[in-house]
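Just below is one structure, and these are the notes that go with it.
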Amino acid sequence: TLAGDYSNSSTPPATQKPASTIDYDSPKELREKFHDTAVARQEVLAQKCQLVFDLYDQLVARIKQLKKSGRDELGPYRLYNKGRGWAYRTHTLRTLSEEDHFRAILLFIDREKLYLTAPPAGGGGNVRRITELAKYTTKVNSKRCFELAVADHYLPCLVVAACVVAISTATILNTDTITSLTRRSVRETPDGYQLVGLKGKTVQIQARELSSLESELLASGDERILLVSKVSIRAMGLLLWHAEQIEQNFNLEDVPLLSSLSLTLGGRHRFFIHDLNESIQDFCNFVGLKRFTTRDLRDLGAQAEYLSPQGSIYSVGAKLGHKSLATTAAYVRTVVQRLLNQANMRRFMKKIAATMLWRTNRHGELSRHRIDPRHIDRNLLFPTSDTSEAISVADRWLGADGTVQLQIGLDELEMCAWQFHLYQKNMNILASQNADSFIQNHLPRILFCYSLRRVLLASEHAGLYRTIEKQYKAAGT
């Protein structure tokens, strides 16, 4: 997923690590770094889409250049052999250079209008022999290569997938809404496009704008947002041209923008919307990214919006198209807050590991385990509680760094069972209400309580302790 590593070594370092590994010194810095990482990943996706679009333009230019230059090596002919369909002079093709072979196939496609009706299986003129096409696809077979050979008429499936990635990154529309887009639902504006789609689950109209106004986009001070927007506008332009070509060639109306050529050879061409996640997987393989889904793109956009300086639960809800603020709150908890909590817990585990080694005078272990000494917190293990004047056995033991011998009687058993029941019941509430107070006051007690409980369960008093626990659980207090 987008929260994981990217496999491409050329990807910027900020996007190569899981977001939960971010190191920080304050909650504000954590939000800033999370936002920076999310935008950096959006920028990488835009760059990869731009690469695919550039290669597509290069392929189309090459096709047009070949058609204009040289001569038709096959000459005008039309062979029909008892139901076999169109056939090529294969013996003639074998004598041609690769460039002449490519030109001959392209001219034959135009002359026989094979961009309308595909040749039967085996009648593709051995397009796979054209090694030049291999750099435009991850699957070198007759179907994929034929799709590339008609790239000046329709967008290849890989380019359509790149368009989906670019537009999803910029708009964070869900899959249903993007697949509902047609030429009629897109209106060109002076600086981009206005999109109107339908959200499938709620049958709700969703509207977005793709804008290239630099003054507005750069108001955030981040030029990466401008790149994401420009690439998405380029993607929309390609999809509109693609749909127009299909409508004109096949006398159709309101063709979905994400329609792709059916690769079944033989018969009249058909267009349908491929499985987007499968197409995106091909895109990832082609550009060298770890696999992700359309849902990951939506989550990434929500993270970038919520953690931005102007972000809020209201702005995220508006972008996601949620009717209910409760839905957005649940989404933010799952998609954003979960990662922040993971980073917070990871940071605390680094601090507790460093502090434990320091407290036990094992300073040499810090470098051996590559633990940063800056994570040492002298007030962490174990601060005494300042929430009450009473000093318990646990407080005395914690205050003495564990050097005081404990004498455990019935009162201590009951206190341990009561605290275990309390923390087990209210752990999530305590952690979410005040994270700093939870780490400073409650977490050391929780660690002590759980450790003492394990000691008791391994002792001869285990039966008595379990009885006390059951009593508190039954009472529900």
Side-chain angles (χ1 to χ4, degrees), residues 42 45-46 49 52-53 56 153-213 216-217 225 228-262 269-280 283 293-302 305 315-323 327:
Q42 289 182 323
L45 292 173
C49 293
V52 172
F53 298 155
Y56 171 71
H153 296 280
Y154 317 110
L155 293 180
C157 189
L158 176 66
V159 182
V160 174
C163 292
V164 172
V165 173
I167 295 171
S168 297
T169 302
T171 64
I172 66 174
L173 290 170
N174 63 13
T175 305
D176 289 345
T177 308
I178 292 179
T179 53
S180 72
L181 294 175
T182 65
R183 289 180 64 209
R184 292 182 180 179
S185 61
V186 178
R187 183 173 65 86
E188 189 171 359
T189 62
D191 57 296
Y193 297 97
Q194 184 180 56
L195 323 178
V196 179
L198 190 65
K199 191 173 182 180
K201 290 183 179 179
T202 58
V203 196
Q204 181 183 358
I205 298 296
Q206 301 282 296
R208 293 289 187 277
E209 283 198 13
L210 300 176
S211 172
S212 62
L213 281 179
E216 293 182 9
L217 292 170
I225 298 176
V228 172
S229 180
K230 285 184 174 180
V231 173
S232 67
I233 290 174
R234 184 179 180 184
M236 182 53 65
L238 287 171
L239 289 177
L240 289 173
W241 170 83
H242 174 65
E244 183 179 10
Q245 288 288 104
I246 297 173
E247 291 175 359
Q248 290 178 353
N249 289 334
F250 294 91
N251 195 26
L252 299 174
E253 292 183 0
D254 225 20
V255 171
L257 295 185
L258 303 188
S259 300
S260 295
L261 176 65
S262 170
H269 284 313
R270 293 175 300 163
F271 292 84
F272 61 93
I273 299 177
H274 288 268
D275 183 285
L276 294 187
N277 287 327
E278 184 178 333
S279 299
I280 289 176
F283 169 81
T293 65
T294 52
R295 176 60 184 267
D296 295 322
L297 295 173
R298 187 166 165 85
D299 291 351
L300 182 65
E305 174 63 29
S315 63
V316 173
K319 277 209 164 186
L320 294 174
H322 289 163
K323 282 186 175 181
T327 303

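What you are looking at is a predicted structure, and each value in this text was computed from that prediction instead of being measured.
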May I ask you to decide if R187's main-chain N or O and Q194's side chain share a donor-acceptor pair within less than 3.5 Å? no
Side-chain touch L198/I205, heavy atoms, less than 4.5 angstrom: yes
Separation between OG1 of T294 and CG of D176, rounded to the nearest 0.5 Å: 9.5 Å
Exercise: identify the closest heavy-atom pair between T179 and I273: O-CD1, 3.8 Å
Rounded distance (nearest 0.5 Å) linking atom CD of Q206 with atom CG of L320: 9.0 Å
Can you tell me how far apart CG (D296) and CG (L300) are? Round to the nearest 0.5 Å. 8.5 Å
Between the CD atom in E244 and the CG atom in N249, the distance rounded to the nearest 0.5 Å is 10.0 Å
Out of the candidates T171, L45, T175, L173, only one should pair with L297 under the side-chain contact (heavy atoms from CB on, under 4.5 Å) rule; please name it. L45
Taking the side chain as every heavy atom from C-beta outward, state whether C49 and V52 have any pair of such atoms under 4.5 Å apart. no
When every non-hydrogen atom of S211 is compared with those of I233, the smallest separation belongs to C-CD1, 3.7 Å
Begin with the C-alpha distance, continue with both residues' side-chain angles, and end with the deciding distance and a verdict on side-chain contact (heavy atoms from CB on, under 4.5 Å) for C157 and V160. CA-CA 5 Å; C157 189; V160 174; 5.5 Å; no
Return the set of residues passing salt bridge (Lys or Arg N to Asp or Glu O under 4.0 Å) with E209 (not counting sequence neighbours), or none when no residue passes. none
Between the main-chain N or O of H274 and the side-chain N or O of S260, is there a donor-acceptor pair closer than 3.5 Å? no
Specify the closest pair of heavy atoms between L257 and R183, including all atoms of both residues, with the distance to one decimal. CD2-N, 3.7 Å
Pair V164, F283 - check side-chain contact (heavy atoms from CB on, under 4.5 Å), show working. CA-CA 10 Å; V164 172; F283 169 81; over 6 Å; no
Taking atom types as modelled and ignoring hydrogens, do the side chains of N277 and T293 form a donor-acceptor contact shorter than 3.5 angstrom? no
Measure across V316 and A302 and return the closest heavy-atom pair with its distance rounded to 0.1 Å. CG2-O, 4.1 Å
Under a plain distance cut-off of 3.5 Å, with no hydrogens placed, do E305 and S315 share a side-chain donor-acceptor pair? yes
Donor-acceptor contact below 3.5 Å, side chain H242 vs main chain S259: yes
CD of Q248: more than 12 outside heavy atoms within 6.0 angstrom? yes
On a heavy-atom basis, the closest approach of L210 and A170 is CD2-CB, 4.1 Å
So how far is it from Y193 OH to L181 CG, rounded to the nearest 0.5 Å? 13.0 Å
What distance separates S279 OG from L258 CG, expressed to the nearest 0.5 Å? 9.0 Å
Walk me through whether Y56 and L158 qualify under side-chain contact (heavy atoms from CB on, under 4.5 Å). CA-CA 9 Å; Y56 171 71; L158 176 66; over 6 Å; no
Shortest non-hydrogen contact between E247 and D254, atoms and distance: OE2-N, 3.3 Å
Partner residues of R295 under the salt bridge (Lys or Arg N to Asp or Glu O under 4.0 Å) criterion, sequence neighbours left out: D299
